[in-house]
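All residue numbers refer to positions in the sequence shown, counting from 1. Counting starts at 1 for both ligands and their atoms, following the listed order.
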Amino acid sequence: MPSQEQILDALKQVKFPGLSRDIVSFGFVHDVRVDGGNVAFTIRFQTENPNAGTQIAKDAEAAVRKVEGVRDVKVSVDVAPRTGAATTTGGQRGILEGVKYKIAVASGKGGVGKSTVSTNLALSLRSLGFSVGLLDADIYGPSQQMMLGITGRPQIDETDEKIMPMENHGVKTMSLGLITEPDTPVIWRGPMVMKALDQFLTDVKWGELDFMVIDLPPGTGDAQLTLTQKVPLTGAIVVTTPQDVALIDARKGLAMFRKVNVPLLGIIENMSYYICKHCGEREEIFGHGGGRRTAEMLGVPFLGEVPIDPKVVVGGDTGEPIVVLDPSSAAAAAFREVARQIVAQVESGMPGHTHGHQHHEHEHAHTH
Ligand code: ADP
């Protein structure tokens, strides 16, 4: 008589259609019962891909039949449409309707590089051939106009009184920094903040776009929560640095998205390590692997580590993000890798799940 373990081992050979990860490690297999030669189990998951259930059931049955001693296989499939904000249940109708994938970039606290990640992700997606918008929702410290090197004021389309987004490096953008005087501290009270954001979502002529990257305000307060409920997000990325305090805050960010059913596309660890200018070796200033461990612990994909690079600061200040300023740098490669993983996730129809095989552009040198 086959053991439960043998059955699970066989099911580990079954991949989710289009992905290289198996259904057991995804946690889709439940209630495995073995009674003599009779095997029964349930496959349960949420998906936006309507054919996935049938295909998986067929593959699973075939895999289990190959186990010695198995006579009869009964597969129950329990597939539900995604209840997350990525479907019609989340967000308000009419918000960013022409945008296919809406990706929020969040952080538990300020200064970890959330805006830097947003800009470089937007540009990397653009360089992969997608049409991309970048919405600066970080209304307390709007910086996207500076990072993208945009000056001047947005124009109003007189036919419908809508705001035209501004554009540089092929990315359309809108930021409060474009409509307020530079160097004026913006002290917005909650309702005013939300009103400004509402305008960005509904009164800006974004047009048809493949991706909208939304640079959220740092933290996990009301403004963030309201926004994540208003916009039907495809998924969210949480940016952290390797320090423990930042990781604790990152967890809060992840918990926030879980609460509102927004799929988590993953964690990215910024300012992760430093490549010594003189010897070219990698120095792990804040310790190693915190972001990856946190991602594993919480069961979300790890999107990669971005090194500290002084050119990131220069590029941010001069409107030439690192992927443009120095495309061959390790930091630029890390950002491009994040973009590739995001594309793979959203196009698989299973945002929030890792692909078994992760391609890395660069293998880094060992630590000291
Ligand atoms: P946040 O949006 O989280 O507040 P920013 O993206 O504004 O953070 O980054 C804060 C500062 O850190 C900026 O001056 C930025 O240029 C710098 N910075 C971000 N990422 C890196 C990096 N990988 N290497 C060096 N400096 C960085």
Inset, instruction - Let me know which protein residues bring a heavy atom to under 4.0 Å of ligand 1; chain then number is fine for ordering. - result: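 Ligand 1 pocket, heavy atoms under 4.0 Å: Gly110, Gly111, Val112, Gly113, Lys114, Ser115, Thr116, Met147, Asn270, Met271, Val306, Pro307, Ile308, Asp309, Val312, Val313.
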Inset, instruction - For a side-chain contact (heavy atoms from CB on, under 4.5 Å) with Tyr101, tell me which candidate from Val343, Leu209, Thr234 qualifies. - result: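 That would be Thr234.
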Inset, instruction - Show the numbers, then the answer: is there a salt bridge (Lys or Arg N to Asp or Glu O under 4.0 Å) between Asp59 and Lys15? - result: CA-CA 8 Å; Asp59 294 350; Lys15 306 278 190 274; over 6 Å; no
Inset, instruction - Using the test side chain to side chain contact (heavy atoms under 4.5 Å, CB included), find all partners of Ser76 that sit at least two apart in sequence or belong to another chain. - result: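 For Ser76, the residues satisfying side chain to side chain contact (heavy atoms under 4.5 Å, CB included) (neighbours in sequence not counted) are Thr42, Lys74.
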Inset, instruction - Decide whether Glu320 and Thr318 meet the rule of one side-chain donor and one side-chain acceptor closer than 3.5 Å. - result: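 On atom types as modelled, these side chains do not qualify, holding no pair under 3.5 Å.
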Inset, instruction - Determine, for Glu296 against Arg293, whether the closest basic-nitrogen to carboxylate-oxygen distance falls under 4.0 angstrom. - result: no
Legend entry - Heavy-atom closest contact (Asp326 atom, Ala332 atom, distance):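 Nearest pair, atom of Asp326 first, then Ala332: O-CB, 3.4 Å.
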